[in-house]
2 protein chains.
Amino acid sequence: MSDEFCDCNITHKERIEAVRSKLPQEEILYDLAELFKVFGDTTRIKIISALLETELCVCDIAELLHMSPSSISHQLRVLRQARLVKPRKEGKVVFYSLDDDHIKHLFDQGLEHILEPRGSYHVSA
Amino acid sequence: MSDEFCDCNITHKERIEAVRSKLPQEEILYDLAELFKVFGDTTRIKIISALLETELCVCDIAELLHMSPSSISHQLRVLRQARLVKPRKEGKVVFYSLDDDHIKHLFDQGLEHILEPRGSYHVSA
DNA sequence: TGAACATATGAATAATTGCTCATATATTAG
DNA sequence: CTAATATATGAGCAATTATTCATATGTTCA
């Protein structure tokens, strides 16, 4: 066969096709990876974690994380574009808060994985 | 004050300290970002999505995703180190499966965010 | 209007990362 | 043991990205 990407002889064609038919659309998986990528940065996770408590302005967050307002603003833009936070303008000040509560669920679900006791495979060996 | 990281005058000290006292430990947040980072790649999300259906060997996955066994093996190592997948050896063949079911919850929670209708802020404007 | 300030953004740079290629390890068959 | 095969891994390269610095935008107050 010419349409092989792996020179192995042992691939289970039926199993592969069964899985392929059940996979979400390419675009969905791409967007999903993009979403997780946004969570996958220490600065942004800290911002999200802080906004889980209360809304904060850009300078509050900068002060909280000991970082420059500029870098925070850059990261808030990423979070905005991912629909994770929303701004509320009050004069010169912009307050940010979380955009919906899926975010808390995602965050907590991640925490559970982090904090759970190690499985047997990883303990031994 | 000398310990300011933001030259703004408007930061709410009390609010910042209140949030700071409630933030998870630095290390927890770091690990959490690392976990999400693992989900934040298209190839790895596809692997996870496939393993949600059934266990697969390295070559199955390579064939499924039209990628080289080498690149899949590299990514499986990342997934292993994050305790997201576990190997099962059968002769020369190594079958991978998901390590626990937090993973499905995380995956589904992410999907919900992706698929939900856009909020009002993002729709208008 | 103009100065001060909070935030946003573009460009540049340093660090990270995913893939490829070459090679190593491990298992099975002969 | 040797050849063949499935997987793992190290080095190198190209692409992505988080931060900094300079500058722009927008709001308030005199």
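Within every chain, numbering begins at 1; the chains are lettered A, B, ... in the order of the sequence lines, protein sequences first and strands thereafter.
Taking 4.0 angstrom as the limit, A:Arg77 places none of its side-chain polar atoms (N or O) nearer than this to OP1 or OP2 of C:dT7. Between B:Ser71 and C:dC19, a side-chain N or O to OP1/OP2 separation shorter than 4.0 Å is absent. OP1 and OP2 of D:dA18 both lie 4.0 Å or more from every side-chain N or O belonging to A:Thr43. Residue A:Gln75 places no side-chain N or O under 4.0 Å from the OP1 or OP2 atom of D:dT17. Close to D:dG26, at under 4.0 Å from its OP1 or OP2, lies no side-chain N or O of A:Lys89. The shortest distance between the side-chain N/O atoms of A:Ser68 and the OP1/OP2 oxygens of D:dT20 is below 4.0 Å. Distances shown here put a side-chain N or O of B:Tyr96 below 4.0 Å from the OP1 or OP2 atom of D:dA8.
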Identify every side-chain donor-acceptor pair in residues 17-29 of chain B under 3.5 Å, counting partners at least two apart or on other chains, and give the distances.
unit_1  : atom_1 : unit_2  : atom_2 : d
B:Glu17 : OE1    : B:Arg20 : NE     : 3.3
B:Glu17 : OE2    : B:Arg20 : NE     : 3.4
B:Glu17 : OE2    : B:Arg20 : NH2    : 3.3
B:Arg20 : NH1    : A:Leu64 : O      : 2.9
B:Ser21 : OG     : B:Ala18 : O      : 2.7
B:Glu26 : OE1    : A:Lys46 : NZ     : 3.4
B:Glu26 : OE2    : A:Lys46 : NZ     : 2.8

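The CD atom of B:Gln75 sits 11.5 Å away from the CZ atom of B:Arg80 when rounded to the nearest 0.5 Å. Summarising the geometry, atom NE2 belonging to A:His113 is positioned 15.0 Å from atom CG belonging to A:Asp108; distances are rounded to the nearest 0.5 Å.
For D:dT7, the base has no donor-acceptor partner in the side chain of B:Ser70 [N/O atoms by modelled type, under 3.5 angstrom].
Rounded to whole Å, atom P of C:dA8 lies 5 Å from atom CZ of A:Arg80. Note: CZ (B:Arg44) to P (C:dT16) measures 15 Å, nearest angstrom. Between the C1' atom of C:dA6 and the CD atom of A:Glu90 lies a distance of 13 Å, rounded to the nearest Å. One atom, CD of B:Glu34, and another, P of C:dT17, lie 7 Å apart when rounded to the nearest Å. Separating the CG atom of A:Asp41 from the C1' atom of D:dT16 is a distance of 13 Å, rounded to the nearest angstrom. Rounding to whole angstrom units, CD1 of residue B:Ile45 and C1' of C:dG18 are separated by 16 Å. Straight-line distance from the CZ atom of B:Phe95 to the C1' atom of D:dA6: 11 Å, rounded to whole Å. The interatomic distance linking A:Phe39 (CZ) with D:dT17 (P) rounds to 17 Å, in whole Å.
Not a single side chain to side chain donor-acceptor pair (under 3.5 Å) links B:Lys92 to another residue, sequence neighbours left out.
For C:dC19, the base is not stacked against the aromatic ring of B:His74, per a cut-off of 5.5 Å between centres and 30° between planes.
Mapping A:Lys92 and A:Val78 onto DNA chain D via the closest heavy atom, the residue that lands nearer the 5' end is A:Val78. Between A:Lys37 and B:Cys57, the residue anchored closer to the 5' end of DNA chain D is B:Cys57, taking for each the nucleotide with the nearest heavy atom.
Proximity of B:Leu98 to B:Lys104: side-chain heavy atoms (C-beta onward) are nowhere separated by under 4.5 Å.
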